[in-house]
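Working notes, beginning with the structure itself.
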Amino acid sequence: MRRLSARRAVWLVLKRELNTRLRTRSFVVGTAVLLVLLLGYVFFQTALAGSSDKSTVGLTGQAIGIARQLQTEAALSGREITTVVVTDPAEGRKKVADGDFDALVSGSAAKLTATYKSSLDDQLRRVLDQVAQQQVLDGVLSSAQLEPAEVMARVNSTHVQDDAISPEPADHTQRLIVGLVVAFLLYMSIITYGMMVAQGVVEEKSSRVVEILLASVRPWQLLLGKVIGLGLVGLTQLVILGAVGLGAATATGVFTLSGFATGAVLWGLLWYLLGFLLYATVYGALGSLVSRQEDTQSVVGPLNIILVVGFIAGFNLLVQNPAGSATKIVSLIPLLSPILMPARISTGAAAGWEIALSLALTVACVVLLTWLGGKIYGNSVLRIGSRIKLSEALRG
């Protein structure tokens, strides 16, 4: 049988993987589940943001007189407080216990008492403190025959001067959340579709289909077509998730589409491609060492452990300090760069030279592992039977 040209062979294998995988129920269901989780997270953040800056406070006794002052101080702190006059303190305590009130405030303006169920929101506590402190200060200033309004105007106009060496962006928290979400999606995509490459190789080998395919294409062409095809399937899923996630987050006001989020998604897609090329060839090569699906996990297990441990360690470092030395070093390791570097880019913690260096190291690692993986695959894919030792596959 006449062999196909290299380009034609890779294209046919690639097309076969796309047609097969994109139509599978697992792809549709998996994408739908991830979309539900992503949208659920976006709406949860929206609900959390909407509820965290609103409070309902009951006022009883002398505290009823601070209603307007309480709302004014709250507005200055970016919080919305709804006040309710309570004539019966016992009824007010019951509403606190039932969750209808965040707090029941009683006592004089200079000596307020806040009754709450289990904990009092820190920002609400600060607002109540400010009201009480203002009342005490007004009394002291009046006794000294000073005008409280003039004194407070001078006090409020005095602020510490900022001199940040490495100032955090105003949207640092949003950037970190997006970075962590991107890191998680990249990790899941790389490990999921990498395993698909390994399982596909084992399936073709155990069914002897690979012998038919290799009559027309070379081993490296078959592996490359499979890797690119499954990589595009994963990329399709990420594009869907990214587009829907950006749209939902923008519609709900979690962040703006014109900001860092679009850049984070684009960087994430680039690093996904590099990360998938980095791992997928190795997954395929390891899969060629065995002839049964039940043996697949035993050969790819060490690679999965590297990904899992690296992801958990890197995730914790990102949460603690995206710009820290440890985070920087770990994100420059080629095997972990595709997961951690786009998250650091999203937070604004990655310098230009760090991005360039990690790209160069990752590309070099891709070339090296592709060469090694292709050699292992070519020497092992036609050998049926017991598991092949890695040293034997390398020697050929």
Side-chain angles (χ1 to χ4, degrees), residues 44-177 253-255 319-321:
F44 172 75
Q45 287 293 324
T46 305
L48 192 64
S51 61
S52 63
D53 59 356
K54 294 181 179 179
S55 297
T56 301
V57 176
L59 301 177
T60 186
Q62 297 181 55
I64 295 175
I66 69 166
R68 179 172 296 180
Q69 187 180 358
L70 185 61
Q71 292 174 345
T72 301
E73 291 290 343
L76 293 175
S77 302
R79 191 177 189 87
E80 180 183 340
I81 292 182
T82 300
T83 58
V84 179
V85 174
V86 178
T87 56
D88 183 2
E91 181 66 22
R93 292 179 67 88
K94 184 177 183 302
K95 286 184 176 292
V96 171
D98 293 341
D100 297 329
F101 290 167
D102 291 288
L104 174 67
V105 180
S106 58
S108 65
K111 195 174 182 180
L112 297 173
T113 298
T115 302
Y116 50 88
K117 185 174 183 180
S118 56
S119 64
L120 186 63
D121 179 82
D122 289 339
Q123 192 176 11
L124 177 57
R125 182 188 295 277
R126 283 194 296 271
V127 171
L128 292 171
D129 285 344
Q130 288 167 357
V131 171
Q133 290 165 2
Q134 180 68 53
Q135 186 68 26
V136 172
L137 182 60
D138 286 351
V140 173
L141 292 176
S142 296
S143 65
Q145 296 184 344
L146 297 174
E147 182 59 42
E150 293 181 4
V151 175
M152 288 308 302
R154 292 184 60 185
V155 171
N156 292 332
S157 65
T158 303
H159 301 284
V160 65
Q161 298 298 312
D162 293 332
D163 184 22
I165 296 175
S166 300
E168 285 186 347
D171 51 0
H172 172 73
T173 301
Q174 286 188 357
R175 287 175 175 269
L176 180 59
I177 291 174
V254 174
F255 49 69
V319 171
Q320 294 173 13
N321 185 6

**Asked** Which heavy-atom pair separates Gly107 from Leu112 by the least distance, and what is that distance?
**Response** O-CD2, 4.0 Å

**Request:** With rounding to the nearest 0.5 Å, note down the distance linking OG1 in Thr87 to CD1 in Ile64.
**Result:** 8.0 Å

**Fill in**
Rounding to 0.5 Å, atoms CD (Gln130) and CD (Gln69) come to a distance of 10.0 Å

**Prompt:** Which atom pair, heavy atoms only, marks the closest approach of Gln62 to Ser108?
**Reply:** OE1-CB, 3.5 Å

**Prompt:** Has the side chain of Asp88 got a donor or acceptor atom that lies under 3.5 Å from a matching backbone atom of Ala90?
**Reply:** yes

**Asked** When Leu104 is tested against each of Val57, Val84, Val86 for side-chain contact (heavy atoms from CB on, under 4.5 Å), which residue passes?
**Response** Val86

**Prompt:** How long is the span from the NZ atom in Lys117 to the CG atom in Asp100, to the nearest 0.5 Å?
**Reply:** 10.0 Å

**Request:** Mind checking the CD1-CG spacing from Ile81 to Leu128? Nearest 0.5 Å is all I need.
**Result:** 6.5 Å

**Prompt:** Can you list the steps and then say if Leu70 with Val127 is a side-chain contact (heavy atoms from CB on, under 4.5 Å)?
**Reply:** CA-CA 7 Å; Leu70 185 61; Val127 171; 3.6 Å; yes

